[in-house]
Amino acid sequence: MIEAKGISYSVQIGKGQYKTIVDDIDLKIEKGSITGIIGRNGAGKSSLIKILSGLIVPTQGDILLDGKDISHYSSRELALKRSVLSQEIPVSFGLSVLDILLMGRFPHGNLSLEDYKIVDEVIESLNLNDLLDTSYPSLSGGERQKVQFGRALCQLLPFEEKNRDKVLFLDEPLSALDLSVQQMILKRISELVRKYKLTVVFVLHDLNYIAKHCSKIYLLEKGRCALEGSSYEVFTEANLLKYFEVDTQILKSEQKYPIMIFN
Amino acid sequence: MTEAVLHSRALYIKQQRKFFRTFCVLLVLLLMTIVLGIFLGPASGFIDSIERAFNQEPSLIKELVLNIRLPRVLLGLLAGGGLALAGAALQILFNNPLADSGLIGISSGAMLGVITGTFLLKLIPFFQSFFESYPLFFLPSLAFLGALFLGFLVYRISLSHGRIQIAIMLLAGVAVNAFAGAYSGLLITLLNDEQLRSITFWSMGSLNGATWPIISLLSLLVLGASSYLYSFHKELDALALGEREALYLGVDTDKVKKTVLILSAVICGPLTAFVGVIGFVGLVVPHILRLFLGPKSSSLLICSFLLGGVFLVLSDIVAKNVVAPSELPIGIITSIVGTPFFTYLLLKQKRRLS
């Protein structure tokens with residue numbers, strides 16, 4: 001689905017001085033998988049998401065999306081294949097929740113009855129009915145993120161399209177959300193992956209969620225990929241101490257994934 | 001199976017109905033303003049002109065209405081409409097309700113162009129002959145170039161890491177306006193008394209010079225550019241989520257941003273060459289409409305054009321009647337209305353940020 005070969009990204013910080021933010025990363029993301037990207041603040045996780053989703057162009061390396069170089073996609077073609085849920089989206093004008101959801105249909109052209117059906121489906125599944133006519137800036141943080149998640153879904157729906165597999169990128173989507181909204185969004189995502197083989201790429205601080213749901217995990221440190229593998233391979237007491245400087249106890253129960261308790 | 005009610009569609013239709021109602025009200029207001037603008041003027045009161053129309057001098061009345069009042073009203077509609085619509089679009093581009101062609105250098109850029117042009121006319125015979133053969137095109141073209149240049153400059157200065165810094169935008173506008181003021185002050189001292197008077201009066205705004213050729217030219221430019229700008233309403237809405245999100249939605253943001261700046265200069269530049277600097281229309285009108293309609297560009301742009309026209313023609317009626325037979329510059333009226341508004345918007349932002 002997504003293949004990145006030797007991607008690097010650096011920015012100029014002064015005369016002749018460059019700072020490398022992403023440093024020679026290879027990765028492979030399978031269709032219908034959930035991939036987790038973890039690491040400490042400033043490790044280059046968000047930049048990696050921006051590169052993989054085509055927002056910024058890497059200074060080196062190639063990204064193949066379904067076998068085709070990502071730079072060969074038009075911005076609209078790309079918008080039909082992937083959507084991105086960012087951390088926080090400030091909106092200066094009082095657009096209504098419905099306006100925001102309908103924006104998700106922008107790449108699909110003029111609004112038809114089909115588009116409204118799709119938007120209604122999302123409204124139903126996220127329980128946004130009562131908020132529809134509310135102005136976005138007056139919502140609480142949790143409600144806003146729910147609406148933006150809805151918009152990201154509106155953009156990708158319908159999930160089952162011929163010759164068009166879809167990817168959802170989530171860049172720390174849950175920071176500062178209360179537990180119920182967090183769980184609801186995460187549950188919906190797992191459902192979509194199971195049902196439609198949606199491909200999901202997560203940047204998340206909640207390591208236990210990553211351990212439970214992600215089939216592949218990339219751990220970044222200072223722009224480099226320090227570790228990759230399954231949750232049992234990545235989440236060991238030694239690794240967590242080395243890369244996160246936390247003392248952890250790992251419970252190995254009958255579950256298929258490790259459970260971490262941070263001391 | 002009966003068609004299930006689609007909540008999203010039902011609400012969308014409700015929004016459209018509200019837009020349509022507002023549109024109709026504005027249209028009626030517009031027609032009323034046109035009638036008022038034609039009949040109210042220093043040469044004759046309303047009653048007086050009807051009386052005279054029935055009694056004698058029908059040709060004089062016809063002359064007054066057709067060649068003075070009507071062009072003036074139409075110029076007011078085009079200027080007010082264009083400024084308000086450009087203001088609404090610029091506010092989305094700058095992601096802030098405080099943007100306006102007057103504040104971000106587009107108007108003073110046009111002023112710069114016009115004054116440079118006037119100066120060139122005086123100095124270089126070639127320009128003089130050029131101006132005489134194309135009187136409608138020389139100054140407006142320079143005004144467009146000046147508007148584009150300063151507007152783009154302010155935009156570039158206030159852009160930092162892909163985001164518009166509001167404080168920088170306002171300060172860059174102040175700097176650019178101060179520069180334009182100093183530059184025109186410098187050139188103005190080199191002009192003769194008559195030119196000085198006309199430039200000074202022009203720079204404060206007036207619909208006094210309305211003629212049919214000017215109306216034709218401006219109709220073409222303002223209506224053409226406005227319709228083209230309107231065709232970007234969906235992209236503008238997406239830009240209200242910020243540039244990053246718009247890109248994720250598949251909007252070619254670079255193209256949209258450039259188009260909005262260029263079209264705003266096409267609308268405001270030549271217009272300023274004819275009516276002078278008229279501030280705050282683009283600030284006040286979209287703001288009032290957003291309270292009623294919400295910020296969706298499809299309805300906001302159209303209604304801004306209508307209400308902008310109404311606002312400017314009404315301001316002109318005040319400008320030409322309060323100190324009759326003399327006339328107030330119309331820019332003074334719009335500023336008197338606009339500055340308290342601007343202050344109010346600033347205070348509102350302050351509250352939100354703190």
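Convention: sequence-line order gives letters A, B, ...; per-chain numbering from 1.
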> Given B:Leu83, which of B:Thr334, B:Leu78, B:Leu271 fulfils the side-chain contact (heavy atoms from CB on, under 4.5 Å) condition?
Replying inline: B:Leu271
> Quick one: what part of A:Leu102 sits under 4.5 Å from any heavy atom of chain B, side chain, backbone, both or neither?
Replying inline: side chain
> Are A:Glu191 and A:Arg188 close enough for a salt bridge, meaning some N to O gap below 4.0 Å?
Replying inline: yes
>> Quick check on B:Gln91 against chain A: is it the side chain, the backbone, both or neither that has a heavy atom closer than 4.5 Å?
In response: both
> What part of A:Leu132 gets closer than 4.5 Å to chain B, counting heavy atoms only: side chain, backbone, both or neither?
Replying inline: both
> Side chain, backbone, both or neither: which part of A:Ile123 has a heavy atom under 4.5 Å from chain B?
Replying inline: side chain
> Taking the inter-plane angle between the rings of B:Tyr228 and B:Phe232 on a 0 to 90° scale, is it parallel (under 30°), tilted (30 to 60°) or perpendicular (over 60°)?
Replying inline: perpendicular
>> Side chains of A:Ser75 and B:Asp252 only: does a donor on one sit below 3.5 Å from an acceptor on the other?
In response: no
> Is any NZ, NE, NH1 or NH2 atom of the basic residue among A:Arg151 and B:Glu245 found under 4.0 Å from an Asp or Glu carboxylate oxygen of the other?
Replying inline: yes
> Non-hydrogen atoms of chain B under 4.5 Å away: do they reach the side chain of A:Asp115, the backbone, both or neither?
Replying inline: neither
> Do A:Tyr116 and B:Tyr12 make the cut of ring centroids closer than 6.0 angstrom?
Replying inline: yes
>> With chain B as the partner, which of A:Leu111, A:Ile100, A:Leu101, A:Leu95 has the greatest number of non-hydrogen pairs under 4.5 Å?
In response: A:Leu95
>> Please classify the contact between A:Leu80 and chain B as side chain, backbone, both or neither, with a heavy-atom cut-off of under 4.5 Å.
In response: neither
>> Does any backbone or side-chain atom of A:Ser135 lie under 4.5 Å from a heavy atom of chain B? Answer side chain, backbone, both or neither.
In response: neither
